[in-house]
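Counting convention: from 1, in listed order, for ligands and their atoms alike. All values below come from the heavy atoms of this structure, side chains included, with hydrogens, waters and symmetry mates left out.
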Amino acid sequence: AKDNGRNSFQLYSPEMNIVSMERLIMQNCLRIALKKNEFELHYQSKVDHQTQEVVGIEALVRWNHSELGRVSPAQFIPMAEELGLIVDIDTWVLNTACQQRRIWLDAGVECGPISVNISALHFNHDLVYSVQQALEHSSLPPHLLELEITEGCFIQNMKNASGMLAEIRALGVKSSIDDFGTGYSSLSYLSQLAFDTLKIDCSFIKQVPKNAQQCQLVTTIIAMAKALDISVVAEGVETHAQVEFLSDKGCFVYQGYYYNRPGNAMQCTDFLLEFDKS
Ligand code: C2E
Ligand code: CA
Ligand code: CA
Ligand code: CA
């Protein structure tokens, strides 16, 4: 469709070619990244503000490429989904996270369950099998593993999703709804599903307590979760003002720069040991 009018000429502009060329290079690099061992996990704590205990740790994937540098997961995860690589990447993450949690368990470091992000594609693929494999290979007790699932997993097939969550619970593995509030599902609808925790998306926390509307929204989510007996974690908590607002509303578990930034296994171990002493 090279010649059908002036709207198509952009397809062939030099800028466009550079962008698609870069994309192509990145895609090819991504295809071989697992084999070349270029992924690394970073870990970030979830802290109970009342007891000052680490009640969970989230594993966040990092991609370090020799020439492309550090590519953000926000950029390469959607690409991995498109290319059909996400199940392999998520499975690697799941196994590595379980092994790391097993190391902390053996060392007597208490930090709650390790949580892993599960993409919608993986959720609808062979999730229960990968989870069982990861638990077996690491001999990690199931209650020390948690899966973070976004509302996107439920859009395609609600019945399938509810069955999957029940299977995960039957294994003894925990689950949470990630980025809560950014999807379309209502809390009462979600409450029929077998999950343990919901994570309020950092985009809502960001403008608390300055923006009255966001404050109202966060207050409502916390109140409804309490009424339904679901635990709540606030993501992206950075400031003391946010901590004051959230604890006033009855939400006490925070994940964010206020307590710590994601770091590699060694940095996270240092944080856990230091935090336990204080
Ligand atoms: P997410 O699951 O919502 O993870 C939280 C993101 O917020 C992380 O970004 C984390 O570094 C960042 N964050 C934590 N505390 C703060 C804070 O106080 N302020 C701000 N501004 N940000 C904070 P990250 O690591 O870049 O990950 C981005 C997204 O990529 C994740 O969002 C998740 O959706 C996805 N992702 C990361 N790792 C994996 C993975 O292993 N598998 C899959 N499928 N997705 C992943
Ligand atoms: Ca997450
Ligand atoms: Ca999130
Ligand atoms: Ca302590």
Side-chain angles (χ1 to χ4, degrees), residues 30 33-34 38-47 49 54 56-64 69-101 112-125 127 130-131 134 145-153 174-183 195-208 218 221 232-243 245-246 253-265 267-268 271:
L30 192 56
L34 259 182
E38 291 169 350
F39 293 115
E40 184 189 19
L41 288 190
H42 276 194
Y43 300 91
Q44 187 179 35
S45 305
K46 302 167 188 178
V47 177
H49 189 67
V54 174
I57 301 219
E58 179 172 6
L60 295 156
V61 71
R62 299 290 177 258
W63 179 25
N64 308 307
R70 296 185 141 245
V71 187
S72 153
Q75 194 176 2
F76 75 80
I77 292 288
M79 201 177 265
E81 287 176 338
E82 260 173 63
L83 297 174
L85 303 170
I86 192 65
V87 174
D88 286 345
I89 295 175
D90 276 0
T91 304
W92 178 86
V93 170
L94 191 58
N95 280 292
T96 309
C98 287
Q99 281 157 21
Q100 182 57 51
R101 186 62 188 86
I114 187 104
S115 70
V116 170
N117 293 285
I118 302 295
S119 102
L121 281 169
H122 192 191
F123 186 82
N124 292 303
H125 185 252
L127 182 60
S130 340
V131 167
L145 175 63
E146 180 171 322
L147 307 178
E148 299 198 4
I149 291 151
T150 57
E151 292 165 75
C153 295
K174 306 242 178 290
S175 58
S176 53
I177 306 290
D178 203 358
D179 303 343
F180 186 79
T182 60
F195 69 93
D196 306 284
T197 306
L198 70 83
K199 301 183 75 180
I200 305 177
D201 191 57
C202 51
S203 60
F204 300 117
I205 305 297
K206 204 172 188 165
Q207 312 200 44
V208 165
V218 170
I221 294 174
V232 199
V233 175
E235 281 187 336
V237 176
E238 295 182 1
T239 68
H240 187 65
Q242 289 168 335
V243 166
F245 178 88
L246 290 163
V253 180
Y254 311 137
Q255 181 183 348
Y257 301 164
Y258 181 78
Y259 277 113
N260 77 337
R261 283 180 182 256
N264 64 27
Q267 292 163 328
C268 186
F271 172 80

Mind checking whether Phe39 and Phe76 have parallel, tilted or perpendicular rings, split at 30° and 60°? tilted
Between Asp88 and Leu34, is there a donor-acceptor pair closer than 3.5 Å when you use the side chain of the first and the backbone of the second? no
Given Gln44, Lys199, His42, the one that forms side chain to side chain donor-acceptor pair (under 3.5 Å) with Glu58: Lys199
Is any side-chain N of the basic residue among Glu148 and Lys46 closer than 4.0 Å to the acidic one's carboxylate O? yes
Can you tell if the side chain of Ile149 reaches within under 4.5 Å of the side chain of Phe123, non-hydrogen atoms only? yes
Nearest-0.5 Å distance, CD1 of residue Ile86 to NE2 of residue His125: 12.5 Å
List the protein residues in contact with ligand 1, where contact means a heavy-atom separation under 4.0 angstrom. Gln44, Glu58, Leu60, Val61, Arg62, Pro73, Ile77, Asp90, Val93, Asn117, Ser119, Asp178, Asp179, Glu235, Gly236, Val237, Glu238, Gly256, Tyr257, Pro262
What number of protein N, O or S atoms occur at distances under 3.0 Å from the Ca ion (ligand 2)? 4
Tested for side-chain contact (heavy atoms from CB on, under 4.5 Å) against Leu41, the lone hit among Ile114, Thr96, Leu60 is Thr96
Taking Gln267 for the side chain and Asn264 for the main chain, is one N or O donor matched with an acceptor at less than 3.5 Å? yes
Tell me if the aromatic rings of Phe180 and Phe195 count as close, with their centers under 6.0 Å from one another. no
